[in-house]
Visitor: 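Mind having a look at this structure? Questions to follow.
The analysis underlying the following values was restricted to heavy atoms, covering all of them including side chains, and did not include hydrogens, waters or symmetry mates. Residue numbers count from 1 along this sequence.
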Amino acid sequence: MERRDVLKLSAVAGATGALTLGRVSFADAAPTAGQSGGGPREQTRRVTGHLPTGAPDFVYLPVDVPHGVREIAVSYSYDRPAVPEGTAGNACDIGIFDERGTDLGGAGFRGWSGGARTEFFLRADEATPGYLPGPVNAGTWHITLGPYTVAPQGLSYDVTITLRYGPRGRTPAPVHPPERARGRGRAWYRGDSHLHSVHSDGKRTPAQIAALARAAGLDFLNTSEHNTISSHRAWEGLWGDDLLILTGEEVTTRNGHVVAMGTDPGVFIDWRYRARDSAFGKYARAIRRAGGLVIPAHPHATCIGCNWKFGLNDADAVEVWNGPYTPDDEVTLAEWDNTLVAHTHGRGDWLPAVGHSDAHRDPDVVGLPQTVVLADDLSRRALQDGIRAGRVWIAESSKVDLAFSVTGERGEHAGIGERLTVPDTTQVTARLKVTGAPGCTVSFVTDQGRLYTAPLPPSGESTVGWQTTPAYAAYIRAEVRHPATTAGLPGPMAAMTNPVFLGTWGS
């Protein structure tokens with residue numbers, strides 16, 4: 001049985017709102033097959049409709065699910081008409097909420113696949129990756145369409161809902177990764193906290209990602225699927241003394257993405273808001289209540305909806321390097337450096353910089369880049385403490401190693417993320433020891449800009465020193481770069497550090 005919904009432009013009230021379509025009932029649907037004892041084994045409904053330009057971000061299709069349903073299966077499609085050059089075409093995401101409702105941050109969330117899949121199912125014992133297994137209770141469920149972009153001609157959709165009846169089955173208790181691995185005590189640990197698997201729009205399985213993480217020399221990784229937590233239970237047997245697996249989410253809003261790093265297993269963070277809704281602070285607090293860090297991802301990426309529009313006041317760190325180093329990262333790096341300058345003038349806290357691969361599929365490289373954290377042990381809390389404190393540097397691979405510190409005239413010492421508190425006229429020495437960076441140059445960057453640059457020898461191994469005073473440099477950070485490949489821009493990054501602050505300002 002088919003139903004057609006045609007929505008007029010006047011019915012769409014605001015792009016950030018939500019629209020609820022007419023209810024889908026299975027009360028009089030004809031069964032497609034019988035089963036012993038009589039009664040329908042399977043029922044199907046098809047709903048088609050059209051969304052005009054200016055459609056709201058989320059369109060809810062309510063489905064009345066009767067008792068006795070074992071499985072819900074959904075498939076969908078939409079048209080992709082030709083559009084003028086430079087105009088966005090149609091792109092429509094999909095997900096589902098159960099009988100507990102669609103309230104923001106509510107308990108009804110049961111899965112999201114964005115635009116990565118054209119069909120999904122869920123039942124008590126199993127679900128399509130991106131979706132949560134669990135009982136199919138009677139009540140009103142909501143299939144959620146997310147018209148990400150709509151062509152000038154509008155978007156025509158076609159949704160098929162199939163209910164399958166039978167014994168419910170049992171939902172297995174989730175097995176989540178432990179919060180601690182053996183580690184090496186207080187040490188520098190390498191990790192990649194922004195990765196995607198088949199549980200969102202990635203093409204790799206968790207097992208493949210774990211193997212690639214080990215091959216890349218990583219000590220930890222963080223699950224970060226787009227708007228779903230289905231992967232939290234998918235890593236059983238893949239962690240070990242050599243690899244800590246944290247659970248999280250990439251909260252993918254229409255105004256930017258945020259990595260929720262190390263949230264409690266099974267905790268879902270909502271994404272259905274824009275910057276104009278003034279809701280991000282609430283959900284940043286929800287990430288922290290769940291034990292996670294708030295890390296805006298690729299703030300200046302060029303994909304639609306990827307630019308970060310929420311500001312940095314609610315962040316714990318910022319992803320300044322996303323995947324292979326590009327001009328987008330250079331813009332983010334410059335913006336981040338400006339926050340360091342503002343901090344030295346008493347205008348707010350500084351945000352540590354981190355780097356992640358955002359790897360989805362071959363040939364994306366897991367661990368390009370990787371965040372290297374000085375932590376007391378290899379555990380969720382210790383790693384997060386290290387990142388919050390800025391005890392972090394970023395490398396393009398585990399082949400690159402460095403040590404960076406600043407010392408005073410009397411042996412005073414400060415490392416990455418720390419402050420060397422000495423009088424402004426004190427002569428201080430910055431030292432960077434680098435290995436694994438052949439063909440690269442070393443630079444020291446301060447609030448006055450890039451003040452010193454020196455080439456590394458062909459071996460890529462050297463210790464470079466530079467002297468200044470706190471009166472001239474309120475902070476020093478180090479960069480290791482490859483030769484320039486784009487006119488007017490510095491070369492791609494091979495490694496970089498968070499700053500060492502200098503002087504007595506603010507104390």
Side-chain angles (χ1 to χ4, degrees), residues 13-20 56-63 93-114 120 122 127 130-137 139-148 171 174 176 199-200 222-233 246-297 305 308-316 380 384:
T16 57
L19 176 70
T20 300
D57 288 348
F58 302 101
V59 177
Y60 297 107
L61 177 60
V63 179
D93 297 341
I94 197 166
I96 195 168
F97 291 78
D98 65 20
E99 82 287 349
R100 291 171 291 181
T102 62
D103 290 346
L104 284 173
F109 175 79
R110 288 295 293 271
W112 184 256
S113 50
F120 64 86
L122 51 86
Y131 295 82
L132 306 180
V136 180
N137 294 324
T140 301
W141 290 53
H142 289 84
I143 296 167
T144 307
L145 299 177
Y148 210 76
T171 303
H176 294 133
H199 284 263
S200 58
N222 176 70
T223 71
S224 56
E225 309 296 354
H226 294 287
N227 301 337
T228 186
I229 54 171
S230 67
S231 71
H232 287 193
R233 61 175 72 207
L246 307 178
T247 55
E249 181 183 340
E250 184 176 3
V251 183
T252 306
T253 81
R254 299 297 181 90
N255 287 155
H257 304 183
V258 61
V259 172
M261 178 194 169
T263 48
D264 293 333
V267 174
F268 164 68
I269 306 297
D270 216 313
W271 78 101
R272 292 171 293 161
Y273 44 86
R274 291 198 187 196
R276 70 180 72 170
D277 300 322
S278 300
F280 180 70
K282 172 182 177 181
Y283 292 100
R285 291 189 293 274
I287 291 171
R288 292 194 187 94
R289 281 197 304 273
L293 295 185
V294 178
I295 306 176
W308 185 252
K309 303 294 186 184
F310 296 99
L312 298 175
N313 290 339
D314 293 296
D316 295 306
R380 173 170 73 151
Q384 291 174 330

Visitor: What closest approach, in Å, do Pro56 and Pro147 show between heavy atoms, and which atom pair accounts for it?
Guide: O-CG, 3.2 Å
Visitor: Tell me the closest heavy-atom pair linking Pro296 and Leu312, and the distance in Å.
Guide: CG-CD2, 4.0 Å
Visitor: Look only at the side chain of Thr140 and the backbone of Glu99, and say whether a donor-acceptor pair between them is shorter than 3.5 Å.
Guide: no
Visitor: Would the number of heavy atoms belonging to other residues, nucleotides or ligands and lying under 6.0 Å from CG of Asn137 be above 12?
Guide: yes
Visitor: Locate the shortest heavy-atom distance separating Asp103 from Asp270; write the atom from each residue and the value.
Guide: O-OD2, 4.1 Å
Visitor: For side chain to side chain contact (heavy atoms under 4.5 Å, CB included), just list the numbers for Leu122 and Leu132, CA-CA rounded to whole Å, side-chain angles, deciding distance to a tenth of an Å, and then say yes or no.
Guide: CA-CA 7 Å; Leu122 51 86; Leu132 306 180; over 6 Å; no
Visitor: Is a side-chain N or O of Glu225 found less than 3.5 angstrom from the main chain of Ser231, in a donor-acceptor match?
Guide: no
Visitor: Just by modelled atom types, is the Ile287 backbone N or O under 3.5 Å from a matching donor or acceptor in the Glu249 side chain?
Guide: no
Visitor: Indicate whether any N or O donor in one side chain lies under 3.5 Å from an N or O acceptor in the other, for Ser200 and His226.
Guide: no
Visitor: Decide whether Tyr131 and Ser113 meet the rule of one side-chain donor and one side-chain acceptor closer than 3.5 Å.
Guide: yes
Visitor: Walk me through it: do Asp314 and Phe280 pass the test side chain to side chain contact (heavy atoms under 4.5 Å, CB included)?
Guide: CA-CA 8 Å; Asp314 293 296; Phe280 180 70; 3.8 Å; yes
Visitor: Would you give the length of the straight line joining atom CD1 of Ile143 to atom CZ of Phe97, rounded to the nearest 0.5 angstrom?
Guide: 12.5 Å
Visitor: Using 0.5 Å steps for rounding, measure from the CG atom of Leu293 to the CD atom of Gln384.
Guide: 4.5 Å
Visitor: Enter the distance from Arg110:CZ to Arg100:CZ here, rounded to the nearest 0.5 Å.
Guide: 6.5 Å
Visitor: Is it true that Arg380 and Asp264 have a side-chain N and a carboxylate O under 4.0 angstrom from each other?
Guide: yes
Visitor: Can you give me the closest heavy-atom contact between Leu246 and Gly262, atom names plus distance?
Guide: CB-CA, 4.2 Å
Visitor: Can you tell me how far the CG atom of Leu19 sits from the CZ atom of Phe58, to the nearest 0.5 Å?
Guide: 13.0 Å
Visitor: Give, for atom CZ of Phe268 and atom OG1 of Thr228, the distance between the pair rounded to the nearest 0.5 Å.
Guide: 7.5 Å
Visitor: Might you point out which heavy atoms bring Val267 and Ile229 nearest each other, and give the distance in Å?
Guide: O-CG2, 3.4 Å
Visitor: Taking side chain as C-beta onward, heavy atoms only, is Lys282 less than 4.5 Å from Tyr273?
Guide: no
Visitor: Main chain of Asp98, side chain of His142: is a donor-acceptor contact present, judged purely on distance under 3.5 Å?
Guide: no
Visitor: Answer whether the closest heavy-atom distance between the side chains of Ile96 and Phe120 falls below 4.5 Å.
Guide: yes
Visitor: Would you call the rings of Phe109 and Trp271 parallel, tilted or perpendicular, where under 30° means parallel and over 60° means perpendicular?
Guide: perpendicular
Visitor: Any chance you could lay out the side chain to side chain contact (heavy atoms under 4.5 Å, CB included) test for Phe310 and Thr253, step after step, and finish with the verdict?
Guide: CA-CA 10 Å; Phe310 296 99; Thr253 81; 3.3 Å; yes
Visitor: Donor-acceptor check, side chain of Asn227 to backbone of Thr252, threshold 3.5 angstrom: yes or no?
Guide: yes
Visitor: Are Asp57 and Arg272 close enough, and set up right, to give a side chain to side chain contact (heavy atoms under 4.5 Å, CB included), and what steps lead you there?
Guide: CA-CA 8 Å; Asp57 288 348; Arg272 292 171 293 161; over 6 Å; no
Visitor: Rounded to the nearest 0.5 Å, how far does CG of Leu145 lie from CG of Asp93?
Guide: 9.5 Å
Visitor: For the residue pair Arg233 and Pro133, what are the closest heavy atoms and their distance?
Guide: NH1-CG, 3.7 Å
